[in-house]
Amino acid sequence: MVLKLYGVSQSRATVRAATILVEKGVPFEFISIDFANKQHKSPEYLKKQPFGQVPYIDDDGFILYESRAIGRYIAEKYADQGPALIPTELKAKALFEQAASSELANFDPYASQIWREVVRPKKLGQEPNLAAFVKADSDLSAKLDVYDTILSKQRYLAGNEITLVDLFHLPFGSGLPLAGSELLDKKPNVARWWQDISSRPAWIAVKDGVKSTA
């Protein structure tokens, strides 16, 4: 039975999960959820995703939500398919988890705010919150200074091999230039890393919207 990915084609979290599936070469059927008609709040949907959010997967009856959890599940289930994405050696895995925690604490809050306050309003023809953008961009700049130091010593955020952590940055990171931020270009090691991960075929395949691959 082909894996099913339920979500919204351009939702950042749905795109994150799809990136991992494509990176690992896992065929999937994409099932679009109708947010406009509140399908995500229906009793049937809430049985699968109790928070009424996207995405979730149905892997032959196994239901899993939260895009980062989905990424970990896919990476471990298909460990021998495509790049490993999660190290297995103890210390390498600890450094991976350290980098994963840093993405959640030091990147996502600011990059996701820029998406919500500037990029999404622009897409909807609404006025962006420029004051919020300036603050979030400044805060993120300080965090990316640390990223630049880390990336001056290694190719990727958890070491010299690409992991889930790097790919987790793509959906909201892609919104920074759309909002007018130059952060990804101004810091040399960050710029090199971003060019690397944003050029991957898996990201290019899903960045403009998720479609079935099965």
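With 3.5 Å as the limit, one finds no donor-acceptor pair spanning the side chains of Asp137 and Tyr110. Side chains of Gln98 and Ser102: no donor on one and acceptor on the other come within 3.5 Å.
Neither Ile86 nor Leu90 shares a network with the other; the hydrophobic side chains, linked directly or stepwise wherever heavy atoms of I, L, V, M, F, W or Y lie under 4.5 Å apart, form separate groups for each. Under the 4.5 Å side-chain heavy-atom criterion for ILVMFWY residues, no single connected hydrophobic cluster contains both Ile33 and Val210. In terms of hydrophobic clustering, with Ile, Leu, Val, Met, Phe, Trp and Tyr side chains grouped at heavy-atom distances under 4.5 Å, Val134 and Leu144 are assigned to a common cluster. Under a hydrophobic-cluster definition in which Ile, Leu, Val, Met, Phe, Trp and Tyr are linked whenever side-chain heavy atoms come within less than 4.5 Å, directly or via other members, Ile162 and Leu151 are assigned to the same cluster. Using a 4.5 Å cut-off between side-chain heavy atoms of Ile, Leu, Val, Met, Phe, Trp and Tyr, with links allowed through other members, Ile20 and Leu64 fall into the same hydrophobic cluster.
The CE atom of Met1 lies 6.0 Å from the CG atom of Asp60; values are rounded to the nearest 0.5 Å. With rounding to the nearest 0.5 angstrom, the CD1 atom of Ile204 is 7.5 Å from the OG atom of Ser198. The CD1 atom of Ile31 sits 7.5 Å away from atom OG of Ser212, with the distance rounded to the nearest 0.5 Å. The distance from atom CD1 of Ile70 to atom OG1 of Thr19, rounded to the nearest 0.5 Å, is 12.0 Å. Annotation: the span from Asp166 atom CG to Ile197 atom CD1 amounts to 5.5 Å, rounded to 0.5 Å. With values rounded to the nearest 0.5 angstrom, Asp145 atom CG is found 5.0 Å from Ser141 atom OG.
Within 6.0 Å of atom CD in Gln126, more than 12 heavy atoms from other residues, nucleotides or ligands are found, so the atom counts as buried in its surroundings. Taking a 6.0 Å sphere around NZ of Lys153, one finds it holds 12 or fewer heavy atoms contributed by other residues, nucleotides or ligands. Heavy-atom contacts from other residues, nucleotides or ligands closer than 6.0 Å to CZ of Phe51 number 12 or fewer. Under a cut-off of 6.0 angstrom, the local environment of CD in Gln53 is crowded, with over 12 non-hydrogen atoms contributed by other residues, nucleotides or ligands. With a 6.0 Å radius and a threshold of 12 heavy atoms from other residues, nucleotides or ligands, Lys4 has its NZ atom above the threshold. The number of heavy atoms from other shown groups lying within 6.0 Å of CD (Glu182) does not exceed 12.
Arg200 and Leu167 make their closest contact through CD-CD2, 4.0 Å (heavy atoms, listed as atom of the first residue, atom of the second, distance). Of all heavy-atom pairs spanning Ala18 and Val206, the tightest one is CB-CG1, 4.0 Å. The two residues Ala136 and Gln113 have their closest heavy-atom pair at CB-OE1, 3.6 Å. The two atoms that bring Ala75 and Leu164 nearest to each other are CB-CD1, 4.1 Å, heavy atoms only. For Lys24 against Ala84, the heavy-atom pair with the smallest separation is NZ-O, 3.8 Å. The two residues Gly25 and Pro27 make their nearest non-hydrogen contact at O-CD, 3.4 Å.
Within the 3.5 Å criterion, the main-chain N or O of Arg68 finds no donor-acceptor partner in the side chain of Glu66. In this structure a side-chain-to-backbone donor-acceptor pair under 3.5 Å is missing from Gln49 to Val54. Without hydrogens or angle criteria, Asp148 side chain to Val190 main chain gives a donor-acceptor distance under 3.5 Å. Listed for the Ser152 side chain is a donor-acceptor partner under 3.5 Å among the backbone atoms of Thr149. Proximity of a side-chain donor or acceptor of Ser181 to a complementary backbone N or O of Leu183 within less than 3.5 Å is detected. At least one donor-acceptor pair closer than 3.5 Å links the side chain of Arg16 to the backbone N or O of Phe168. Under the 3.5 Å distance criterion, the side-chain polar atoms of Arg116 are left unmatched by any main-chain donor or acceptor of Ile114. Checked by atom type and distance alone, the side chain of Glu89 pairs as donor or acceptor with a backbone atom of Ala92 at under 3.5 Å. Not one N or O on the side chain of Arg120 forms a donor-acceptor pair closer than 3.5 Å with the backbone of Trp115. For Asn37 (side chain) and Gln39 (main-chain N/O), no donor-acceptor pair under 3.5 Å exists by modelled atom type.
Shown here are the side chain to side chain donor-acceptor pair (under 3.5 Å) partners of Thr14, two or more places apart in sequence or in another chain: Ser11.
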Applying side-chain contact (heavy atoms from CB on, under 4.5 Å) to Asp108 and Glu103, what does each step give before you reach the verdict? CA-CA 6 Å; Asp108 185 78; Glu103 185 266 333; 3.8 Å; yes
For salt bridge (Lys or Arg N to Asp or Glu O under 4.0 Å), just list the numbers for Asp59 and Lys77, CA-CA rounded to whole Å, side-chain angles, deciding distance to a tenth of an Å, and then say yes or no. CA-CA 11 Å; Asp59 186 16; Lys77 179 174 181 179; 2.6 Å; yes
Let me see the working for Arg192 and Arg155 under side-chain contact (heavy atoms from CB on, under 4.5 Å), right down to the final yes or no. CA-CA 9 Å; Arg192 184 266 309 158; Arg155 187 174 179 186; 3.7 Å; yes
Can you check salt bridge (Lys or Arg N to Asp or Glu O under 4.0 Å) on Lys135 and Asp139, steps first, answer last? CA-CA 6 Å; Lys135 177 67 164 61; Asp139 290 342; 2.6 Å; yes
Chi angles and distances behind the side-chain contact (heavy atoms from CB on, under 4.5 Å) call for Asp58, Leu3: CA-CA 6 Å; Asp58 181 342; Leu3 182 146; over 6 Å; no
Evaluate the side-chain contact (heavy atoms from CB on, under 4.5 Å) criterion for residues Trp203 and Val22: first the C-alpha distance (whole Å), next the side-chain angles of each, then the deciding distance (0.1 Å), finally the verdict. CA-CA 8 Å; Trp203 171 246; Val22 176; over 6 Å; no
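Annotation: Tyr6 is not in aromatic contact with Tyr65 [ring centroid separation under 6.0 Å not met]. For His169 and Tyr147, the ring centers sit closer than 6.0 Å to each other. Aromatic rings from Tyr45 and Tyr56 are positioned such that their centres are separated by under 6.0 Å.
Looking at Glu23 and Pro83, their side chains come closer than 4.5 Å, going by heavy atoms from C-beta outward. Within the 4.5 Å cutoff, the side chain of Asn189 has no heavy atoms near those of the Lys187 side chain. For the pair Val119/Phe172, no side-chain contact is recorded, criterion being any heavy-atom separation below 4.5 Å from C-beta on. The closest side-chain heavy-atom distance from Ser174 to Arg12 is below 4.5 Å. Using a 4.5 Å heavy-atom threshold, the side chains of Ile74 and Leu21 count as touching. The closest side-chain heavy-atom distance from Tyr156 to Ile150 is not below 4.5 Å. Leu157 places none of its side-chain heavy atoms less than 4.5 Å from the side chain of Thr163.
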